[in-house]
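This report refers to the structure that appears directly beneath it.
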Amino acid sequence: MPGGRLTQQDRQQIALGVADGLAYAEIARRLDRPTSTITREVMRNGGPTAYRADLAHRATERRAHRRRQATSRGPQAPEQAHGRDAEAVREYEEVFTTLLMRQGLPNMMARVLTCLFTTDAGSLTAAELVQRLQVSPASISKAVAFLESQGLIRRERDERRRERYLVDDDVWYQSMIAAAQANAQLAETARQGVRVLGPHTPAAVRLENIARFLDFVGESITRAAEQARGILYTKPETTSDGTAPRTDRVQVKSPADVA
């Protein structure tokens with residue numbers, strides 16, 4: 001990485017750039033850094049709306065301290081498959097965890113979900129989660145109970161009768177449908193206000209417009225989720241650079257077709 005690790009002065013420049021609304025690529029150019037470095041730095045430390053240079057620097061020091069402690073205790077993390085860069089994987093997991101936390105998940109629940117999403121098998125035992133996240137069994141038990149109650153993961157027993165926790169491929173579809181239903185409830189509540197405040201009054205017009213907007217967004221989300229649901233059950237082809245093609249180029253199948 002050009003220039004070595006980010007310094008506190010670098011982070012102050014990043015914070016100023018974010019506050020000024022500069023693109024990550026422009027901030028990276030000014031600091032002579034890869035754009036990916038700036039993106040990871042911002043997203044793992046609160047995102048563009050909450051990034052603070054001093055907090056980010058202290059958080060980085062704490063992470064480095066934890067890694068040194070883990071190293072002194074001996075290697076704990078499992079060997080990375082497919083020749084993956086362990087440090088890059090760890091940084092990506094931190095970014096993903098931060099995003100899940102910004103969506104409202106508590107820290108430990110977000111870490112467990114990220115761990116399951118980034119595991120090739122898509123499932124892990126409690127013991128494997130303890131080893132990967134270096135936390136207590138009680139922490140894992142509490143996290144998986146919460147995630148299961150929210151329909152984000154489910155459990156099953158493998159051939160050795162061990163209980164495994166796995167991510168459900170359908171969770172994103174169910175999440176979109178829940179969002180559409182929440183929009184529908186908001187729209188209905190807004191229309192109740194129209195009746196209470198009286199038609200054609202300025203407040204009622206405002207609420208009616210809100211309701212119409214939410215109706216349109218909710219219907220669009222539902223329609224798009226139904227049309228795209230099959231993507232969750234297919235293995236997309238990859239392009240020459242190893243990335244998946246855009247969804248508008250993917251032939252979508254229904255779950256029934258896949259089954």
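Given the structure is predicted, the values throughout are model-derived calculations rather than measurements. Hydrogens, waters and symmetry mates are skipped; everything else that's a heavy atom, side chains included, is used.
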Could I get the full list of side-chain contact (heavy atoms from CB on, under 4.5 Å) partners for [X], not counting sequence neighbours?
| X | answer |
| --- | --- |
| Arg29 | Glu26 |
| Ser141 | none |
| Gln185 | none |
| Ala180 | Ile221, Thr222 |

Criterion side-chain contact (heavy atoms from CB on, under 4.5 Å) on Asn45 and Leu55, from CA distance to verdict: CA-CA 8 Å; Asn45 291 292; Leu55 297 178; over 6 Å; no

Atom [atom1] in [X], atom [atom2] in [Y]: separation rounded to 0.5 Å?
| X | Y | atom1 | atom2 | result |
| --- | --- | --- | --- | --- |
| Thr114 | Leu100 | OG1 | CG | 4.5 Å |
| Ile14 | Ile38 | CD1 | CD1 | 4.0 Å |
| Leu129 | Arg111 | CG | CZ | 10.5 Å |
| Glu93 | Leu133 | CD | CG | 8.0 Å |
| Glu208 | Thr201 | CD | OG1 | 11.0 Å |

Worked check of side-chain contact (heavy atoms from CB on, under 4.5 Å) between Gln174 and Arg229: CA-CA 10 Å; Gln174 297 297 340; Arg229 190 178 186 182; 4.0 Å; yes

Transitive ILVMFWY side-chain link [X] to [Y], under 4.5 Å:
| X | Y | answer |
| --- | --- | --- |
| Tyr92 | Val167 | yes |
| Tyr233 | Met176 | no |
| Leu186 | Val217 | yes |
| Leu147 | Met101 | no |
| Met109 | Val130 | yes |

What's the shortest heavy-atom distance between [X] and [Y], and which atoms?
| X | Y | answer |
| --- | --- | --- |
| Ala204 | Val194 | O-CG2, 3.4 Å |
| Thr98 | Gly46 | CG2-N, 4.0 Å |
| Leu214 | Ala187 | CD1-N, 3.8 Å |
| Pro48 | Val42 | N-CG1, 3.6 Å |

Of all pairs that satisfy ring-ring contact (aromatic ring centres under 6.0 Å, His included), the ones with a partner from residues 174-205, not counting sequence neighbours: none

Any pair counted as ring-ring contact (aromatic ring centres under 6.0 Å, His included), so long as it reaches residues 116-146, sequence neighbours left out: Phe96-Phe117, Phe117-Trp172

Under 3.5 Å: donor-acceptor pair, side chain of Arg11, backbone of Leu6: yes

Thr125 backbone acceptor or donor facing Arg162 side chain under 3.5 Å: no

Selection residues 209-218 - residue pairs positive for side-chain hydrogen bond (donor to acceptor under 3.5 Å, both in side chains), sequence neighbours left out: Arg191-Asp215, Asn209-Arg212

Those residues that, when tested against [X], pass salt bridge (charged side-chain N to carboxylate O under 4.0 Å, His left out) (two or more places apart):
| X | answer |
| --- | --- |
| Arg206 | none |
| Arg195 | Glu188 |
| Arg44 | Glu91, Glu94 |

Partner of Tyr24 under side-chain contact (heavy atoms from CB on, under 4.5 Å), chosen from Arg40, Met43, Glu41: Met43

Candidates Leu105, Thr118, Thr97, Val144 - the one meeting side-chain contact (heavy atoms from CB on, under 4.5 Å) with Leu113: Leu105

Between Ser123 and Arg164, a side-chain donor and acceptor under 3.5 Å: yes

Full working for side-chain contact (heavy atoms from CB on, under 4.5 Å) between Glu128 and Thr119: CA-CA 11 Å; Glu128 289 168 337; Thr119 300; over 6 Å; no

Pair Asp10 + Arg5, salt bridge at N-O below 4.0 Å: no

Contacts of type side chain to side chain donor-acceptor pair (under 3.5 Å), residue Ser139, not counting sequence neighbours: Ser136

Selection residues 144-154 - residue pairs positive for salt bridge (charged side-chain N to carboxylate O under 4.0 Å, His left out), sequence neighbours left out: Glu148-Arg155, Arg154-Glu156, Arg154-Asp168

